[in-house]
Amino acid sequence: KVQVEESGGDSVQAGGSLRLTCIASGTTQDDYAMGWFRQVPGKEREGVACIGWSGPDIYYSESVKGRFTLSREPWSKVMFLQMDTLNPEDTATYYCAIRRGVKHTTMCSGYDRSIVWGSGTQVTVFS
């Protein structure tokens, strides 16, 4: 069974940094797109950074562009999200997700039953 696990969430002061890690397991297939999403209570889940199955293009939402950096070794199922210059509006539960055979923009649309989601890691930014 394919599983996804995130780690690295924490509480941090505004202006600080965090690094999230995502590891996918349970499959030998290597054609997975991967992405980071976030959600706050009462709002829809937002795709913030995604990489397609073949790379190297990366999609970033406007709200994180220039501050967050997604990285993944080619064909790897380990992905990182370096988050710098954090602000209170970045407070959310962050989810990792994977999906086979799509490009970066499709991955961040987040709407498909084939997506495998992690359980989330909490990021809290206080001022």
Side-chain angles (χ1 to χ4, degrees):
K1 179 182 177 183
V2 180
Q3 293 182 307
V4 177
E5 184 174 3
E6 314 92 337
S7 61
D10 205 344
S11 294
V12 63
Q13 192 168 21
S17 298
L18 283 175
R19 188 185 195 215
L20 305 183
T21 300
C22 171
I23 300 175
S25 61
T27 177
T28 58
Q29 302 294 330
D30 58 8
D31 59 344
Y32 280 93
M34 301 183 75
W36 291 100
F37 298 75
R38 66 185 183 186
Q39 189 170 25
V40 297
K43 292 190 176 181
E44 287 192 1
R45 194 168 294 189
E46 172 194 14
V48 296
C50 296
I51 186 167
W53 72 276
S54 61
D57 293 335
I58 299 173
Y59 165 87
Y60 292 102
S61 68
E62 287 300 319
S63 59
V64 307
K65 194 175 292 184
R67 300 187 299 120
F68 290 12
T69 304
L70 182 155
S71 60
R72 183 183 79 168
E73 291 296 318
W75 313 109
S76 170
K77 290 187 280 292
V78 179
M79 177 179 64
F80 305 97
L81 186 67
Q82 178 67 38
M83 305 187 295
D84 298 316
T85 319
L86 286 160
N87 59 62
E89 290 68 39
D90 296 315
T91 295
T93 301
Y94 283 72
Y95 297 89
C96 177
I98 63 173
R99 178 182 172 186
R100 292 189 64 184
V102 296
K103 63 181 182 179
H104 55 305
T105 49
T106 303
M107 182 67 210
C108 260
S109 71
Y111 298 113
D112 192 88
R113 61 188 298 176
S114 68
I115 291 176
V116 179
W117 296 94
S119 59
T121 185
Q122 179 67 34
V123 172
T124 302
V125 185
F126 56 91
S127 56

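Scope of the values below: all heavy atoms of this structure, side chains included, with no hydrogens, waters or symmetry mates. None of the values given here were measured: they were computed from a predicted structure.
Evaluation of the salt bridge (Lys or Arg N to Asp or Glu O under 4.0 Å) rule for Glu5 yields no partner, not counting sequence neighbours. Remark: Tyr95 engages no residue in a ring-ring contact (aromatic ring centres under 6.0 Å, His included) (not counting sequence neighbours). Taking Arg72 as the reference, nothing meets the salt bridge (Lys or Arg N to Asp or Glu O under 4.0 Å) condition, with sequence neighbours excluded. With sequence neighbours excluded, the residues forming a side-chain contact (heavy atoms from CB on, under 4.5 Å) with Trp75 are Asp30, Trp53, Ser54, listed by chain and number. Under the side-chain contact (heavy atoms from CB on, under 4.5 Å) criterion, Val4 pairs with Cys22, Ala24, Cys96, Ile98, Val116, not counting sequence neighbours. Not counting sequence neighbours, the partners of Asp84 by the side-chain contact (heavy atoms from CB on, under 4.5 Å) test are Ser17, Gln82. Gln29 pairs by the side-chain contact (heavy atoms from CB on, under 4.5 Å) definition with Thr27, Asp31, Tyr32, Arg100, not counting sequence neighbours.
Applying the salt bridge (Lys or Arg N to Asp or Glu O under 4.0 Å) test to pairs two or more places apart or on separate chains, those with a residue in residues 106-127 are Arg99-Asp112. Listed by first then second residue, pairs satisfying salt bridge (Lys or Arg N to Asp or Glu O under 4.0 Å) with a partner in residues 34-43 read Arg38-Glu46, Arg38-Asp90, not counting sequence neighbours.
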Show which side-chain atoms of residues 55-62 pair as donor or acceptor with protein atoms under 3.5 Å away, not counting sequence neighbours.
| residue | atom | partner | partner atom | Å |
| --- | --- | --- | --- | --- |
| Tyr60 | OH | Leu70 | N | 2.8 |
| Ser61 | OG | Ser63 | OG | 3.0 |
| Glu62 | OE2 | Lys65 | NZ | 2.8 |

Between side-chain atoms of residues 104-111 and protein atoms elsewhere (two or more places apart, or another chain), which donor-acceptor pairs fall under 3.5 Å?
| residue | atom | partner | partner atom | Å |
| --- | --- | --- | --- | --- |
| Ser109 | OG | Thr106 | O | 2.6 |
| Tyr111 | OH | Glu44 | OE1 | 3.2 |

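If you check the side chains of Thr93 and Gln122, you find a donor sitting under 3.5 Å from an acceptor.
Residue Ile23 belongs to a hydrophobic cluster whose other members are Val78, Phe80, with links defined by side-chain heavy atoms closer than 4.5 Å.
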